[in-house]
2 protein chains.
Amino acid sequence: MLDAIDLALLRTLQADPDLSIQELAARIHLSHTPCWRRLKQLESSGVIRGRAVLLDAAELGLPITVFAEVKLRRHDEETLSQLEEAVEKRPEIVECFSMSGDRDYIFRIVMASVERYEQFLKKTLLHLPGVASINSSFALKCVKLTTSLPI
Amino acid sequence: MLDAIDLALLRTLQADPDLSIQELAARIHLSHTPCWRRLKQLESSGVIRGRAVLLDAAELGLPITVFAEVKLRRHDEETLSQLEEAVEKRPEIVECFSMSGDRDYIFRIVMASVERYEQFLKKTLLHLPGVASINSSFALKCVKLTTSLPI
DNA sequence: GGTGAAAAGTCGCCCAT
DNA sequence: ATGGGCGACTTTTCACC
């Protein structure tokens, strides 16, 4: 499916997303046309999901990151899909994984302050469909946060 | 620092990162020159940290996400900075937060398989500077994963 | 902040190989 | 599947309101 050139293209683009097609082509020793075709094919096949603009949370007044471990009361399909739909709608929840083990979900949440999180917990999180309990942990520091995959 | 137009610009760009300057300008009811000036200023002031290409982990043979809760043996500055430097170098560790509470760090790790994670845990993670113990939880499903901040 | 315009560079798509 | 070339667009920078 993906050959060595595709991988080189993806690695180069991950490391330097602002590269023009010509620069990208030069880096992977291709001329611009085949490079452009491969790029479009990787986009339309979904290997490249899209692009993003990365903003600085602290600069935007959102210095608090919380990990919330969520346990559910019920585990029927209906409840799960309602919960996941609700999660999708809350922009403060930037990540949500369904988990094995003793908790059902982990959320990563971005907030303006601890006080705001307390309100968000009480007014929103605890009222999400099926939620039984939430255990919140605050991040002291973001050491690493990347969108680059290990390829 | 940021006025309503800057916020509109950032929100529009978060929702649609591939917009050209002209399209972006039209969406926020500005003409292209002031829009471009604001964009450059937001980039150089660091509010916009950069751009990224988002790849599909499953398509690239990396379907496993693990959360690793790390406890340290020692907490001196030397150990911490050595650990954080090591984390930075490991591309499999895509997120790392220093935490309050009973664990010292949370890693989010992307892997090709559970077997590979087992090797990575034994050969790499447990040998990172100062690590005392690691508790690993596997994600069953990624419900949400966004780079967009709630602004 | 807006307008208009022009230079440089890039993209997207022909073609021939 | 690659590389060349070209018209259409965009980005970037002006000077001026």
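First the proteins, then the strands, lettered A, B, ... as listed; each starts at 1.
- A side-chain donor from one of E84(A) and Y105(A) sits under 3.5 Å from a side-chain acceptor of the other.
- With rounding to whole Å, E23(A) atom CD is found 10 Å from dG9(C) atom C1'.
- Following rounding to the nearest Å, Q22(A) (CD) and dG4(D) (P) show an atom-to-atom distance of 12 Å.
- What separates CD of Q41(B) from C1' of dT12(D) is a distance of 17 Å, to the nearest Å.
- Residue-level contact check: S20(A) touches the backbone only, with heavy atoms under 4.0 Å from sugar-phosphate atoms and none from bases.
- Protein atom CG of L30(A) is 14 Å distant from nucleotide atom C1' of dG4(D), rounded to whole Å.
- For an aromatic pair to be called close, the ring centres must be under 6.0 Å apart, and F97(B) with F67(A) satisfies this.
- In this structure, CD1 of I21(A) is placed 16 Å from P of dG4(D), rounded to the nearest angstrom.
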Protein-nucleic acid N or O pairs under 3.5 Å, nucleotides 5-7 of chain D:
{"unit_1": "dG5(D)", "atom_1": "O6", "unit_2": "H32(A)", "atom_2": "NE2", "d": "2.4"}

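- OP1 and OP2 of dC11(C) both lie 4.0 Å or more from every side-chain N or O belonging to W36(A).
- Listed for the K71(A) side chain is no donor-acceptor partner under 3.5 Å among the backbone atoms of D104(A).
- Rounded to a whole Å, the NZ atom of K40(A) is 12 Å from the C1' atom of dC13(C).
- Taking the side chain of S31(B) as heavy atoms from C-beta on, and the options dT11(D), dA1(D), dG2(C), the nearest nucleotide is dG2(C).
- A donor-acceptor pair is defined here as one N or O able to donate and one able to accept, closer than 3.5 Å; no such pair exists between the side chain of D16(A) and the backbone of L19(A).
- Atom-to-atom distance recorded for L13(B):CG and L42(B):CG is 9.0 Å, nearest 0.5 angstrom.
- A donor-acceptor contact closer than 3.5 angstrom is absent between the side chains of E92(B) and Y117(B).
- In this structure, the CG atom of L19(A) is 16 Å from the P atom of dG9(C), given to the nearest Å.
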Base-pairing string, 5' to 3', of DNA chain D - Watson-Crick or wobble, under 3.5 Å, | interstrand: ||||||||||.||||||
Derivation of the side chain to side chain donor-acceptor pair (under 3.5 Å) call for E78(B) and Q82(B): CA-CA 6 Å; E78(B) 177 81 9; Q82(B) 280 178 3; 3.1 Å; yes
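- L39(B) has its CG atom 12 Å from the C1' atom of dT12(D), to the nearest Å.
- Within the 4.0 Å cut-off from OP1 or OP2 of dG2(C), not a single side-chain nitrogen or oxygen of R37(B) is found.
- Side-chain N or O atoms of R11(A) include one that pairs as donor or acceptor with a backbone N or O of I151(A) at under 3.5 Å.
- When distances are taken from the side chain of P34(B) to each of dT3(C), dA1(D), dT10(C), the shortest belongs to dT3(C).
- Between the CD atom of E115(B) and the CD1 atom of I64(B) there is a distance of 8.5 Å, given to the nearest 0.5 Å.
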